[in-house]
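See structure below.
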Amino acid sequence: MLTNKVFMKKTKRGNILKIVREHYLRDDIWCGSAACQTCPADENAALLDEVPEPVSERFAFPHYLLLDTNVILYQMDLLEESAIRNVIILHTVLDEVKHRSAVVYKRLRAVLSDPARKFYTFVNEHHKDTYVEREPGESANDRNDRMIRTAAEWYGKHLSPRVGKKSARAGVRIVLLSDDADNRAKAMALGLNTCSALEYMKAAKATFAHLLDKIAQRELVSESKDPLFPSHLTMLQIHEGIKGGKLMQGGFLASRENYLEGYVRVEGIEKAVLIQGRMNLNRAVDGDTVAIEMLPESEWKAPSDVVLVDEQTDPGDMVEPDPTFSVKPQAEREPTAKVVGIIKRKWRQYCGILLPSHIQGSTRHIFVPAERKIPRIRIETRQAATLLSQRIIVAIDQWPRHSRYPQGHFVRALGPIGSKETENEVILLEHDVPHSRFSEDVLACLPELPWTITAADLQRRVDLRGITVCSVDPPGCTDIDDALHARRLPNGNIEVGVHIADVGHFIRPGTALDREAASRATTVYLVDKRIDMVPGLLSSNLCSLRGGEERFAFSCIWELDDEANIRHTRYHKSVIKSKSALTYEEAQIIIDDAKQTNDVATSLRLLNRLAKILKKRRTEKGALVLASPEIRFQVDSETHDPIDVKAKQLLETNSMVEEFMLLANVSVAEKIEQEFPECAMLRRHPCPPQANYEPLVKAAEHQGFEILTTSGKELATSLDKAVKPDNPYFNTMLRILATRCMMQAVYFISGTVQRDEFFHYGLAAPIYTHFTSPIRRYADIIVHRLLAACIGADSTYPELLDKKVNSNLCNNLNYRNRMAQYAGRASVALHTHLFFRKRSEDEQAYILFIRKNALQILVPKYGFEGTIYVTGRNNEEIKTGVRFVYDEEQQTQRCGQVVFRAFDPVIVRLSLDSTNVQHEKLVFELVKPYIEGFSVKAQGAAAEVETPKRKGEPQQPTKSKKNKKAK
């Protein structure tokens, strides 16, 4: 059967174009039910059970569930439960979900692909009895609802009892689940069995009663309650306000330190706009896109210097007045606004814990997210007794005006609070790290084993297996994506090669593996595990340049003179066989051991000598040598718990590898930008605003040093000069402060940014990209494809040269890289807490900052940073009889005869405070200098070390190491 849709379209030239679309209808599409005796069975489709067992007693008869769009969009947590089976998904609904939420659509497809779940997709749009035309004046949404009711009605008749058929087979009915009251009312008028998801699960059988917790609260709120918050403007009002210049829009960033404060970043305004106070925040949640209205200048505020946490147990739906923030001078106040509307919510699932209710048997509970920027969430659960000791996941459903907190629902439990496995899962979820198993579609893209290099492969590549190539990496590295070689040429010059794993050979554009790698964007390194961007067969085997094994590589080879000047550069796909996979320490020993004169030793010494010249040249151009306190854990081989921790050490070989990786990245950047000036994927590091340097400049001034920040060269020179002979760690601390002033480096497409903005500030490089780590970074895979196209080793494809597609890809890469960094830091914090459980240590430390009420402390041995509070929030004594006096001009804290200044050495005691089960914290207590009534008595060997005097010679601290994998 054929039906036509006719459209009349006006062209740009004013002509009228008639468009006819043919829509084919059939009567032989299978209904999917094993109870059906009419339709021709489809052997490949998942069968709905002949006699389904429902989870609810709302309807006493055997039935299939037919879902409308809203149920899928808002009740996906319930639908993912294995107990929900025998469900019909109409093609109309599937298509609407696809267009309204890509995330929910992906989750639904995962359920549909599992035959055990008995979810059947019925193509109602092409069945002659279930297809309906859109009526004049009918909205697309109303037509879709009518299609759903029509399909439910058809199914009811199609599966109804027939004369001569067994009643057991023909007695299955249809229940339409809809969270749309209007749709339910119209369905009831047609005599259909229908109810909402909440009504259905309220009547759940005892075995499935816990599933009621997963229902999203979408019911309308009673307006009889007094509103606590101002109402939000409608989208039309927001649009008109923005168009008229009265309102502005931007992304809302909640404060970690003060739950009544946040900022909105508005495009075109350099500094974020301050939002302060509960009413002005007006139910905005971190990440939301909001509309704001600027307050009169007389109502502008200054950011609060007080740490404020919502510690109420359950105050009910009432709000207390905001605390009085200290009034600051007009000069310190900032532009301040209020939130008047929500343009787009960015709610996700949150990890945290449940607070015990003070009402016995209550089902209403307060959920406290692990992320301090997220407000508490009110949920209903009947499993509180079990969940109080668990880390759980909760989703926000709505935040009505009458409610102090947003309302949500329980999703699932992660495991016991404090368990390392549970806390690792929390880290991955909170930082949005994709860590599920690779799908069958992805694994199907992998090569079959045993994998070998064929004669045809060798014909297309340069054979470098006879060259002495070796890799240098951290201990335990299995994803080895770079190797090096250096050798003298007959003309006296030196040939240097950087050989990078040819991951692009195995990951072809557009495949499921390529899409998954693009989504994950980066490998995430936690202390005790690694979340790979690509399956282990590639990352740790076929792509990894392991010693003694033949591997595909993409080689960048230079001819250099003895002063490391580049005479010639060439690129080619190659086959290499690494002679040895060394650690940094092993390579350093070979270089330092004069007795070793083999090819590997000769190559390493050449590389090391050239690297020193390259580094000197970079620093002379203004490249920054910064520092960050990094540590390495030694973990138990069985339990993977930390048993020792120390600061990472920097060797010459670290710098050697880094220099040639930087050189390769710069060389490749120049090549791909020359060939593809509009679509090369590059990396830039913006110059920080001068305001970012204020903490660094002030800290140095108080020590008698001037830090110039007008250019990278001046900053580098200033830092080099800032040296105190009596405090060797002083310069390292200044560089740590300088690191914190920096902007985030980002990926971008060359055609979207002006040429003068390509500059990489930290490296003082006019152009830069990432080429050297394709096993762990998707950006490098794109760069490999561009370079391969440049040298004719591979062809381009449309998406590779599409600026818009790749700009969106860059956004995802930047986001995933940022989240991977945060996850890595959170993992270090977790293992730090595990290490210090049931132990305390006295350690050498330095004062990093002097605060109004605290000393900011850095412990070089561990790279830890913490705070010793010396007064309370309102300058009251923390310990009776001990009075500290803060001198803002001199930046000192004085207690009696003891004066504390920034960068002074001290000894502190480190221990773990576990009183807050969700937020354990490392506690710093002063040991020396000893202040009666404030300091703690010394213990252990570390405390026996005399506190270094201002003119003494303190113990030489270990240098922090820049990991090659972090470039």
Side-chain angles (χ1 to χ4, degrees), residues 1-11 16-26 29 65-76 79 87-109 111-112 119-156 174-190 192 194-197 216 218-220 234-240 289 341-345 397-398:
M1 182 178 172
L2 180 67
T3 181
N4 293 330
K5 293 182 180 179
V6 180
F7 301 90
M8 308 303 288
K9 182 180 178 182
K10 189 175 183 179
T11 66
I16 304 298
L17 188 64
K18 183 178 180 182
I19 300 174
V20 180
R21 290 182 183 170
E22 296 179 337
H23 190 82
Y24 291 88
L25 300 176
R26 298 166 53 178
I29 299 175
L65 295 176
L66 192 147
L67 311 181
D68 82 349
T69 308
N70 282 329
V71 169
I72 296 175
L73 288 174
Y74 301 115
Q75 307 295 350
M76 201 61 218
L79 299 178
V87 177
I88 298 168
I89 306 292
L90 301 178
H91 190 269
T92 299
V93 172
L94 188 65
D95 197 51
E96 191 173 0
V97 170
K98 181 179 180 179
H99 286 94
R100 290 182 60 180
S101 173
V103 174
V104 174
Y105 178 73
K106 186 177 180 180
R107 293 169 68 184
L108 178 60
R109 294 295 304 181
V111 175
L112 289 168
F119 272 58
Y120 178 70
T121 305
F122 179 61
V123 190
N124 64 312
E125 292 275 5
H126 291 280
H127 196 289
K128 70 178 183 65
D129 294 328
T130 57
Y131 173 77
V132 297
E133 289 279 3
R134 183 172 171 182
E135 296 176 350
E138 186 179 37
S139 70
N141 184 64
D142 288 345
R143 182 259 184 185
N144 288 347
D145 286 347
R146 190 158 58 88
M147 286 275 283
I148 294 168
R149 295 192 298 272
T150 300
E153 195 173 17
W154 176 83
Y155 258 106
I174 298 296
V175 170
L176 172 60
L177 275 195
S178 175
D179 283 349
D180 183 335
D182 183 56
N183 197 20
R184 289 200 303 269
K186 291 177 179 177
M188 287 178 186
L190 294 172
L192 299 176
T194 183
C195 67
S196 68
R218 304 295 302 177
E219 300 298 315
L220 289 174
T234 65
M235 287 305 298
L236 180 61
Q237 291 171 319
I238 291 172
H239 178 74
E240 290 175 349
T289 302
I342 306 295
I343 296 172
K344 184 180 180 182
R345 290 289 192 187
D397 299 324
Q398 59 184 354

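All values reported here derive from a predicted model rather than from experimental measurement.
At least one side-chain heavy atom of M76 sits under 4.5 Å from a side-chain heavy atom of V111. Between I89 and L67 there is a side-chain heavy-atom pair separated by less than 4.5 Å. At least one side-chain heavy atom of N70 sits under 4.5 Å from a side-chain heavy atom of R100. Contact annotation: the side chain of L112 approaches that of T121 to within less than 4.5 Å [non-hydrogen atoms, C-beta and beyond]. Counting heavy atoms from C-beta on, the side chains of H239 and T234 never come closer than 4.5 Å. Using a 4.5 Å heavy-atom threshold, the side chains of D145 and D182 count as separate.
Judged by distance alone, with hydrogens and angles left aside, the side-chain atoms of D179 form no donor-acceptor pair with the main-chain N or O of S196 at under 3.5 Å. Not a single donor-acceptor pair under 3.5 Å links the side chain of R184 to the backbone N or O of L176. Using modelled atom types, no side-chain atom of T194 and backbone atom of M188 make a donor-acceptor pair closer than 3.5 Å. A donor-acceptor pair under 3.5 Å links the side-chain atoms of H99 to the main chain of D95, judged by distance alone. Judged purely by atom type and a 3.5 angstrom limit, D68 uses its side chain to pair as donor or acceptor with the backbone of V71. For H126 (side chain) and Y24 (main-chain N/O), a donor-acceptor pair under 3.5 Å exists by modelled atom type. In this structure a side-chain-to-backbone donor-acceptor pair under 3.5 Å is present from T150 to R146. Proximity of a side-chain donor or acceptor of R149 to a complementary backbone N or O of A187 within less than 3.5 Å is not detected.
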Decide yes or no on side-chain contact (heavy atoms from CB on, under 4.5 Å) for L192 and K186, but give the supporting numbers first. CA-CA 9 Å; L192 299 176; K186 291 177 179 177; over 6 Å; no
side-chain contact (heavy atoms from CB on, under 4.5 Å) between T69 and N144, intermediate numbers included: CA-CA 9 Å; T69 308; N144 288 347; 5.8 Å; no
Any chance you could lay out the side-chain contact (heavy atoms from CB on, under 4.5 Å) test for T130 and I29, step after step, and finish with the verdict? CA-CA 11 Å; T130 57; I29 299 175; over 6 Å; no
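A perpendicular orientation is assigned to the rings of F122 and Y155, their planes being inclined by more than 60° (bins at 30° and 60°).
Checking D142, T92, L90 one by one against M147, the side-chain contact (heavy atoms from CB on, under 4.5 Å) holds for a single residue, T92.
When all heavy atoms of L79 and F119 are compared, the pair lying nearest together is O-CZ, 4.0 Å. For S101 against L73, the heavy-atom pair with the smallest separation is CB-CD2, 4.0 Å.
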